[in-house]
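Data first, discussion second: the structure below is written as structure tokens.
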Amino acid sequence: MIVADYQTNRFPTWCPGCGDFGIWGALKTSWVKMGWNPWDFAIVFGIGCSGNMADFIKVYGFHSLHGRALPNAVGLKIANHKLPVVVVAGDGDCYGEGGNHFIHTCRGNHDISLVVHDNRVYGLTTGQVAPTATQGFKSKSTPDGIIEVRINPLALAITQGATFVAQGFAGDIPHLTQLLIDSYNHRGFSVVNVLQPCVTFNKINTYMYYREHTYKLDSSHNPQDKISALTKVMDDERIPLGILYKEERKTYEQSLNQIATNTLVEKPYNLNLNSLLNEFK
Ligand SMILES: Cc1ncc(C[n+]2csc(CCOP(=O)(O)OP(=O)(O)O)c2C)c(N)n1
Ligand code: SF4
């Protein structure tokens, strides 16, 4: 496979310079390196500028509702647990409206790879505040600055049971590509939060901001050390990039007796819809 094999004939409508381009590139390169054909896996997209990628990627995809990408992916994975399932969503989608689903997917350790475009703002709806925005951030919906403290998605993921937690940067495509590959190779729920500049509606968290505030984790960081991972993700001034936390734990699908021998989609079924409906009369 080559990168062009995953492309549709539509060119992205994202603003020039948007971090979504970098994530788009990293995703396609990661699939080439995995040796995945476009029909070997499925992607569920949320709603947002990030989710618009559904039109620019030629694989089996499902463009779900805002905040509902994860429950759709969970259903897909339970139906066919042999299929790799990737989720692409925005921070507003995943940590705001879909925050509840995020927490419970972490708890379940569903074998899904989640990639979040974290631009700390609502892009598609033109610049309202997102739950990841720093306290005081001024936006169209918070002209005097947001009152609430920000959600820390990585701390949430680690404490709620995600078994692979990493952070990448849309401005460093090779590094992000490797994180994505590592997340696919992990069995369990993996969260890759990607720092993604929204060049139009977030003038604070720019490429320059992230170049100045991020650093790469090196071999002195032990991803099995939960306390060390939490300490690092709680620091808003020095922002870590790399694999923060990794743990081996039985996945949700491995715990389901119903799919212990084969997938649900492979099981023969003899469903008589009328008799089923009659039971409700
Ligand atoms: C149920 C529902 N609520 C709200 C919306 C409106 N809406 C669409 S995209 C969006 C926010 C997008 O922000 P984010 O998820 O961060 O993605 P981005 O556009 O920044 O990539 C909202 C509020 C919707 N489409 N459906
Ligand atoms: S509004 Fe922001 S996130 Fe959306 S395409 Fe433009 S730069 Fe990207």
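Every number for a ligand or one of its atoms is a count from 1 in the order of the listing. Treat the numbers as computed from the prediction; the structure is a model and nothing was measured.
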- Go through the steps to decide whether Asp182 and Lys246 satisfy the test salt bridge (Lys or Arg N to Asp or Glu O under 4.0 Å), and finish with yes or no. CA-CA 11 Å; Asp182 292 340; Lys246 199 166 150 50; over 6 Å; no
- Message: I'd like to check whether Glu97 has a polar contact with ligand 1, where a contact means an N/O of the residue lying under 3.5 Å from an N/O of the ligand.
- Response: yes
- Message: Test your reading of the structure: does Asn119 have an N or O sitting under 3.5 Å from an N or O of ligand 1?
- Response: yes
How far is [atom] from its nearest protein heavy atom, and which residue and atom name does that atom have?
atom	value
atom 8 (Fe) of ligand 2	Cys18 SG, 2.3 Å
atom 14 (P) of ligand 1	Gly92 N, 3.6 Å
atom 2 (Fe) of ligand 2	Cys198 SG, 2.3 Å
atom 7 (S) of ligand 2	Val199 N, 3.5 Å
atom 4 (Fe) of ligand 2	Cys49 SG, 2.4 Å

- Note on the structure: ligand 2 to Phe201, heavy atom cutoff 4.0 Å, flagged ligand atoms 1 (S)
- Heavy-atom gap His117 to ligand 1 smaller than 4.0 Å: no
- Task: Name the orientation class of the two ring planes belonging to Trp36 and Phe41 (parallel below 30°, tilted from 30 to 60°, perpendicular beyond 60°).
- Result: tilted
- Would you call the rings of Trp24 and Trp14 parallel, tilted or perpendicular, where under 30° means parallel and over 60° means perpendicular? perpendicular
- Task: Pick, from Ala69, Gly46, Cys18, Cys49, the option with the minimum heavy-atom distance to atom 18 (P) of ligand 1.
- Result: Cys49
- How does Leu124 reach ligand 2, if at all, at less than 4.0 Å between non-hydrogen atoms: by side chain, backbone, both, or neither? neither
- Query: For residues Lys232 and Ser228, is any side-chain donor paired with an opposing acceptor at under 3.5 Å?
  - Reply: yes
- Message: Does either side chain, that of Lys267 or that of Asn262, offer a donor lying less than 3.5 Å from an acceptor on the other one?
- Response: yes
- Query: Is the distance between atom 6 (Fe) of ligand 2 and the nearest N/O/S atom of Cys15 smaller than 2.8 Å?
  - Reply: yes
